[in-house]
Amino acid sequence: PWTGRWSHAAVILDDGAVLSLGGYDGDYKNDVFQIEPGGTTLTQVTAEAEWSGRFGLCVVQLPGTNETVLIGGGGQNDAWRSTDSGLTFTKISSNVFAAVGREYHGCVAVTATKLFALGGQSATNVYHNDVRVSTDSGATWNDVDHSSCGGNQQRWSKRYAFSFTFMPLLGRIVISGGKESDTLWHNDVWYSNSDAKCWTLAKNDTNAAVDGYYGAVLLTVPFGGVEALLLLGGYRKVGGYSNNRIELSIDGGSIWSIVA
């Protein structure tokens, strides 16, 4: 059975099925479970996948397919691809990041071949704000070149356990929140176009000493004919777990309202 755990990953496939992968339940897990489209029950796909047990991993679905790519986690620097809904995985890269592996990083797929891996924490407890890109579905990776932004090469600060999503209609990659250190937590929002080169601050840190957070889930959802952002849960600097908190933005991340 699926055990209670944290720092696992979940992804929705093109057919509507949901996969849960890895995490930590007292042991580092490398199992895969699935919820069938419209279902409510987790069924084990594999007890031990080809990748090592890990936490803080990141998984993307390649748009228009049921294929997934797993990136890093547990300080690993690898990428694994599944073409059979999580039953088997093939290692496709050992060098996702330039130097060291990551955990609690971000990842998005903007097309079936173009993927990004962002920031996170390395195995040496160093935090990052680099952006890596793959144009061959995760096999080879390079640094994103920000030089075309000219004098405006600002972007989000080094951090881990931040929230992230891709808004396909707007062609926008969005990140929010996360921890820069044990004392510095964020609740800012940044976005870029789908090339991840130039970043814009959509929302400044606001009362972050109280309301900074990490570990929340950021989702892109349809809302009244537009793409909206939902921010769910997470751990707040003051108040702890935000079990029932849901925030909504309908302008791409600048203005937010608490809806639950």
Side-chain angles (χ1 to χ4, degrees), residues 4-10 21-29 52-59 71-78 96-108 116-132 143 153-165 173-192 196 199 201-219 229-247 249 253 256 258:
R5 64 190 65 191
W6 55 282
S7 295
H8 50 296
L21 306 95
Y24 182 76
D25 69 351
D27 293 309
Y28 299 110
K29 309 297 288 186
S52 59
R54 60 189 67 187
F55 63 97
L57 60 161
C58 198
V59 181
I71 300 168
Q76 301 298 316
N77 201 10
D78 51 7
V96 173
F97 296 98
V100 291
R102 302 291 167 86
E103 60 223 22
Y104 301 118
H105 48 294
C107 62
V108 296
F116 293 95
L118 310 96
Q121 173 179 281
S122 67
T124 51
N125 294 318
V126 176
Y127 309 133
H128 303 269
N129 67 340
D130 54 345
V131 184
R132 300 278 285 175
D143 287 325
Q153 295 185 32
Q154 67 169 348
R155 67 181 183 276
W156 37 280
S157 58
K158 297 177 181 181
R159 63 187 68 185
Y160 74 105
F162 51 91
S163 309
F164 52 90
T165 191
I173 301 168
V174 184
I175 77 155
S176 69
K179 288 180 69 174
E180 187 169 342
S181 69
D182 286 341
T183 57
L184 182 55
W185 301 23
H186 294 286
N187 61 8
D188 53 355
V189 180
W190 293 80
Y191 70 88
S192 76
W199 291 81
L201 180 64
K203 174 189 170 294
N204 273 304
D205 276 326
T206 306
N207 196 28
V210 172
D211 213 24
Y213 62 85
Y214 71 94
V217 173
L218 186 62
L219 296 176
L229 296 171
L230 282 181
L231 184 72
L232 299 92
Y235 193 90
R236 304 274 162 172
K237 199 166 194 301
V238 174
Y241 292 108
S242 302
N243 294 337
N244 301 314
R245 180 162 171 164
I246 301 175
E247 297 182 47
S249 173
W256 294 80
I258 298 175

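Start at 1 with the first residue, then count along the sequence. Note: hydrogens, waters and symmetry copies are ignored here, and every other heavy atom, side chains too, is used.
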Test your reading of the model: is there a side-chain donor-acceptor pair from [X] to the backbone of [Y], 3.5 Å cut-off?
| X | Y | result |
| --- | --- | --- |
| S163 | A216 | yes |
| T206 | N204 | yes |
| D25 | D27 | yes |
| S242 | R245 | no |

For a 4.5 angstrom cut-off between non-hydrogen side-chain atoms, does [X] reach [Y]?
| X | Y | answer |
| --- | --- | --- |
| L229 | L218 | yes |
| W199 | I175 | yes |
| N129 | S157 | no |
| V108 | T165 | no |
| F116 | F164 | no |
| S176 | Y213 | yes |
| I71 | V59 | no |
| Y24 | R5 | no |

Atom pair CH2/CG of W256 and L231 - distance to nearest 0.5 Å: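 One finds 5.0 Å between CH2 of W256 and CG of L231.
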
Rounded distance [0.5 Å steps], CG in L201 versus CZ in R155: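 Answer rounded to 0.5 Å: 14.0 Å.
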
W190-D188 side chain donor-acceptor pair, cut-off 3.5 Å: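 Yes, a side-chain donor-acceptor pair sits under 3.5 Å.
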
Without hydrogens or angle criteria, can the side chains of H186 and E180 be said to hold a donor-acceptor pair below 3.5 Å?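 Distance-only check passes for H186 and E180.
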
Search all heavy atoms of S7 against all heavy atoms of L57 and return the closest pair with its distance.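 In terms of heavy atoms, the two residues are closest at O-CD2, 3.6 Å.
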
Can a cation-pi geometry be assigned to R102 and F97, taking NZ or CZ under 6.0 Å from the six-membered ring centre and within 45° of the ring axis?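 Yes, R102 lies over the aromatic ring of F97.
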
With ring pair (Phe, Tyr, Trp, His ring centres under 6.0 Å) as the test, pick out the partner of Y104 among F55, Y214, W6.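 The residue from F55, Y214, W6 that satisfies ring pair (Phe, Tyr, Trp, His ring centres under 6.0 Å) with Y104 turns out to be F55.
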
More than 12 heavy atoms of other residues, nucleotides or ligands under 6.0 Å from NZ of K158: yes or no?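 No.
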
Atom CG of N207 with >12 non-hydrogen neighbours under 6.0 angstrom: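 Count over threshold, so yes.
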
According to salt bridge (charged side-chain N to carboxylate O under 4.0 Å, His left out), does anything in residues 231-242 pair up with another residue at least two apart or in another chain? List the pairs.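 Matches after skipping sequence neighbours: D211-R236, R236-E247.
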
Check this for me: does any side-chain nitrogen of one of D78 and R54 sit under 4.0 Å from a carboxylate oxygen of the other?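 Salt bridge present between D78 and R54.
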
Mutual orientation of the aromatic rings belonging to W156 and F162 [parallel < 30°, tilted 30-60°, perpendicular > 60°]: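 Tilted.
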
